[in-house]
Structures are given as structure tokens and as C-alpha cells.
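Read the structure below first, then the notes.
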Protein chains: 2
Amino acid sequence: MNVPPKNVNETNREYAFRVISANIISLDIEPGSMIGEQEIATMLGLSRTPVHEAFLELSKSKIVDILPQKGCRVSMIDSDLIREARFLRITVETALVEDACELAKEEDLRELEDNLELQEFYLSKDADKLLALDNEFHKLIYSICNKMQCYYMVSLMSMHFDRVRSLSLHSVKDLKIVSDHRAILNAIKKKDPAAARAAFQKHMARFELDWSIICNEYKQYISDGST
Amino acid sequence: MNVPPKNVNETNREYAFRVISANIISLDIEPGSMIGEQEIATMLGLSRTPVHEAFLELSKSKIVDILPQKGCRVSMIDSDLIREARFLRITVETALVEDACELAKEEDLRELEDNLELQEFYLSKDADKLLALDNEFHKLIYSICNKMQCYYMVSLMSMHFDRVRSLSLHSVKDLKIVSDHRAILNAIKKKDPAAARAAFQKHMARFELDWSIICNEYKQYISDGST
DNA sequence: TATTCAAAACTTGTATACTAGTCAAAAATA
DNA sequence: TATTTTTGACTAGTATACAAGTTTTGAATA
């Protein structure tokens with residue numbers, strides 16, 4: 001497990017949540033593995049309490065399953081939950097990119113442009129950096145539409161999807177993500193909601209296609225019930 | 001504050017969350033009021049720990065604001081957060097009713113029908129019962145589409161909206177909610193996604209119209225920043 | 001009287017101790 | 001040997017104790 005240092009102005013609970021989340025998404029903690037509160041607490045140099053609270057929050061999105069008096073299991077990759085996460089993201093963000101066409105100010109467009117240029121720079125250079133920029137791009141759209149609380153809720157569920165997305169970034173060669181983002185931003189700049197919607201849906205549709213590849217390559221992490 | 005008995009197979013934390021949530025939504029705990037962990041814990045006959053954990057979860061949806069080392073404040077009615085909650089519900093559930101047209105089985109339709117007949121029975125008789133049936137109706141649609149995790153996430157944010165919705169049920173006389181539901185169910189039965197979408201959006205649009213009434217009648221609960 | 005400042009009385013955050021439930025392996029029994 | 005029982009070593013859930021920060025209070029001072 002990867003244990004970065006604690007940020008300033010971060011409570012122990014937030015620190016625990018941040019570190020555990022990151023390790024689950026990056027697969028440094030393997031799907032299906034058992035993790036104990038005491039074990040994590042020791043690694044992070046904390047008591048059980050803040051770790052317990054972090055586990056509680058993670059269990060809300062079913063990214064971990066707390067088995068009372070038994071332990072805490074990191075959920076297997078579950079296609080039903082991924083489907084829900086994808087559904088939520090596609091549904092919400094499709095509506096957002098349409099709204100963004102009229103809400104985006106000059107400054108917002110500049111921020112999106114800056115982000116996208118960095119994406120183009122890091123393409124085929126640094127996959128992790130690209131993933132972070134991708135997340136930031138989507139987050140900016142929530143911000144433009146004043147929907148940051150929705151962002152938080154969608155993010156929580158999206159962890160199921162993010163675990164797979166990071167696999168997909170490493171396993172699928174021909175990445176069209178950046179050019180997709182370019183198409184979305186162009187549509188927003190032209191204030192064309194229909195084009196923005198179409199570009200966004202095309203973008204998100206790629207992750208549907210990747211599922212079979214992921215399924216083959218990482219079958220040891222896929223839960224039995226998944227179809 | 002209203003303190004119902006603890007259910008069996010319910011942890012103290014879940015009990016605390018259930019009771020506090022209900023009292024916030026029903027306005028038995030007034031928007032803007034300070035509530036202490038110890039105070040609630042004593043009322044519920046618990047220690048601070050499970051109450052603290054319940055507050056944490058409530059703070060995730062910003063229905064309460066935890067001010068470290070100071071206290072916990074029940075959020076004022078905030079039109080921005082209501083807007084977000086409405087946006088999320090409308091966006092997600094509009095997509096769901098379309099999907100429900102092809103996913104709903106005979107048994108699902110029967111459940112919706114039973115619920116709706118109860119709504120018609122209780123109309124203008126028992127507003128609280130009607131509200132509960134309304135919630136159940138919407139929940140059934142998530143269930144039909146296999147999106148219960150989304151339901152949980154949307155519900156959490158929806159608390160902002162629910163507080164206002166209960167006001168609206170008591171203050172607005174001419175309730176069209178039940179006939180709206182009838183129209184939605186008919187569209188699902190006919191497997192007509194376009195009609196279902198239209199009926200649902202008409203349904204949710206009513207709460208936009210109610211805002212001015214609510215604003216006038218309950219201005220002491222509305223936060224300053226709200227427009 | 002008005003102002004300053006310290007201490008007391010609060011708050012939540014966190015650590016620790018204890019409770020109760022689960023499981024597995026060892027021990028007792030047939 | 002096979003089966004049941006017991007016991008001990010784990011777990012998370014909860015209560016309690018303490019730490020650290022904020023606000024209030026009230027006495028001392030100008």
C-alpha cells in the first residue's frame with residue numbers, strides 16, 4: 001500500500017479516506033482482499049477511530065463491504081455497480097455539457113483549454129497524469145454549472161468505474177480520450193448543446209467497448225455475479 | 001424532536017441517522033438551529049460515537065454543517081442546493097422512466113399500480129401518508145431499472161428538496177401529484193418512453209412553480225444567499 | 001463605565017478500552 | 001476415527017476519556 005504524507009488542514013479521517021480510496025482505485029489494494037481497521041490504522045499512524053469512519057464512508061458507495069464483527073472486504077469489480085456508475089455519470093454529465101454551453105464564461109473556457117493542452121502534451125507520455133487531467137476536465141464542467149455537490153455524489157459512485165477506467169487507460173492502446181475532450185470543448189465554445197451532447201456521449205461510449213478487454217485481462221478481479 | 005423506537009437489526013449509528021434525518025426533513029429540527037452530539041446522544045440514549053458518525057454522513061450532503069470544535073448546524077433552506085437536488089432527481093429519473101418502459105415486468109407494473117391506488121385513496125386525506133407513497137413510487141422506478149445505488153446517492157442529496165417538498169404538500173392546495181403519477185405509469189405500461197419522459201418532466205416542473213409560495217411562507221428558514 | 005484578558009465551559013476530534021459477535025482450531029466426547 | 005463442544009484469537013461496534021480548539025464569562029484594570 002502507498003502511503004503519501006498527510007496534508008495540512010486535513011483531519012485524520014479525511015487523510016485515511018484519501019489514502020484508502022487512492023489505493024483501492026489504483027488497485028494497490030486488490031479487489032476482494034480483506035483489510036482491517038487496525039492494520040490500516042497502524043500503517044497510517046492513526047488510531048482505529050478515523051480509519052473506521054473512512055471505512056464507513058467507503059461502504060456507502062459499496063466500494064468496500066463491512067461485514068460486522070468479521071472484517072472489511074474491498075469489493076470485487078462488479079459490472080452492475082460499474083453500470084450504475086456509468087449510467088449516473090453519462091446521464092448527469094450529458095445534461096451538464098448542454099447547460100455548460102450557455103453557462104461557461106470566458107474564464108471557464110480558458111481553464112478548459114489550458115487543461116486540454118496539458119492533456120495533449122502528456123498523451124502517450126504519462127498515463128497517470130492524463131487520468132488526473134481527465135478527472136479535472138470533468139470536474140470543471142460541474143464547476144461551471146454550479147453543481148459541485150452533484151460532483152461529490154457522482155464521484156463517490158464513480159470509484160467503481162474509476163478502478164476499471166485506470167485499467168482501460170493502461171490496457172487499451174488507441175486512446176481517443178483527448179480528441180473527445182477537444183470535440184466537447186469546441187461544442188461548448190460554439191454554444192451548441194446538441195453537438196456537446198453528441199460529443200460527450202461518443203466519449204463515454206468508449207468505455208462500453210472496453211469492457212470485454214478488461215474482462216479478459218483482469219478476470220481474477222471480476223465478481224462472479226458480473227455479466 | 002420526535003424519537004421513534006429503535007428497529008431490530010439496526011445499529012445505533014443507523015438508528016441515529018434515521019431519527020435525525022426524519023426530524024430535519026419534517027422541520028421538527030429547525031433549519032439554522034445548532035444541535036450538539038451530546039444533546040442528541042442523550043435524547044436517543046446512546047453515546048456520542050454513533051451520533052458523531054450519523055452527523056458525518058449528514059454533513060456529506062451538506063444537510064448539516066459541522067464546524068470543527070464549535071458545533072453542528074442544521075443547514076438553512078438553500079435554493080442552490082435544492083436546485084442541485086432537483087437537477088439530479090430530474091435528470092436521473094427522467095432517464096430512468098424511459099428505461100423503465102422496456103425493463104418493467106408485469107410484477108413491477110402491478111406494484112406501481114397498487115401504490116398508485118393507495119395514493120388515490122389517501123389523496124386529500126393523509127398528506128404524510130401520501131408523501132411516503134410518493135417516495136415509494138419513485139423508489140420503485142429505481143428498483144425496476146436496477147439502480148438502487150443511484151437511489152441511495154440521489155436520496156441523500158434529495159433531503160434538501162424533501163424539506164421543501166413537505167412544505168409544498170401542506171401549503172399548495174391543488175395537488176396534481178397523483179394524476180401525474182398516473183400519467184407516468186400509463187406511459188410505462190404503453191412502453192412509450194417519449195410519453196414517460198414528458199409526463200415525468202411535467203411532474204417535476206410543479207416544484208419549480210411552488211418555489212415562490214414556499215419562499216414567502218417560510219422566509220425565516222431561507223438562507224440569505226438564496227435567490 | 002468601558003476594555004482587556006484569563007479562565008472556565010463549552011464544542012468536536014481522536015485515542016483507548018471494552019463489548020459482543022465470528023471463526024477456526026483444539027479438545028472432549030461418542 | 002468422527003462428531004460435537006469449547007476455547008481463544010480475531011473482528012467491528014460502542015462507550016468513555018482525553019486533546020485541542022472556540023466561545024463565553026467575569027473579574028481586574030484603566
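All values below come from the heavy atoms of this structure, side chains included, with hydrogens, waters and symmetry mates left out.
- Applying the ring-ring contact (aromatic ring centres under 6.0 Å, His included) test to A:Y142 and every residue at least two apart in sequence or in another chain returns A:Y151.
- For A:T11, the side-chain contact (heavy atoms from CB on, under 4.5 Å) partners at least two apart in sequence or on another chain are A:R13, A:E14.
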Annotated protein contacts, base or backbone, on nucleotides 7-15 of chain C with a non-hydrogen cut-off under 4.0 Å, one of B, S, - each: ----BBBBB
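- For the pair B:K125 and B:F121, the distance from NZ or CZ to the six-membered ring centre is under 6.0 Å and the angle to the ring normal is within 45 degrees.
- Scanning for side-chain contact (heavy atoms from CB on, under 4.5 Å) contacts around B:N12 gives B:K6, B:L46, B:P50, with sequence neighbours left out.
- Residues meeting the side-chain contact (heavy atoms from CB on, under 4.5 Å) test with B:A104, sequence neighbours left out: B:D108, B:L109, B:I144, B:I188.
- Here A:S75 pairs with A:R163 under the side-chain hydrogen bond (donor to acceptor under 3.5 Å, both in side chains) rule; sequence neighbours left out.
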Can you give the donor-acceptor pairs under 3.5 Å from side chains of residues 63-73 of chain B to other protein atoms, not counting sequence neighbours?
none

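- Contacts classified as salt bridge (charged side-chain N to carboxylate O under 4.0 Å, His left out) and involving residues 19-42 of chain A (residues at least two apart or in different chains) are given here: A:E37-A:R48.
- Comparing the axis of the opening five pairs of the helix from C:dT1-D:dA30 to C:dA30-D:dT1 with that of the closing five pairs yields an angle of 30°, rounded to 10°.
- Counting only residues at least two apart or on different chains, the salt bridge (charged side-chain N to carboxylate O under 4.0 Å, His left out) pairs with a member in residues 85-94 of chain A are A:R86-A:E208, A:R89-A:E93.
- In 5' to 3' order, the nucleotides of DNA chain D bounding all contacts with chain B (an atom under 4.0 Å from a heavy atom) are D:dG13 to D:dT23.
- Partners of B:H52 under the ring-ring contact (aromatic ring centres under 6.0 Å, His included) rule, at least two apart in sequence or in another chain, do not exist in this structure.
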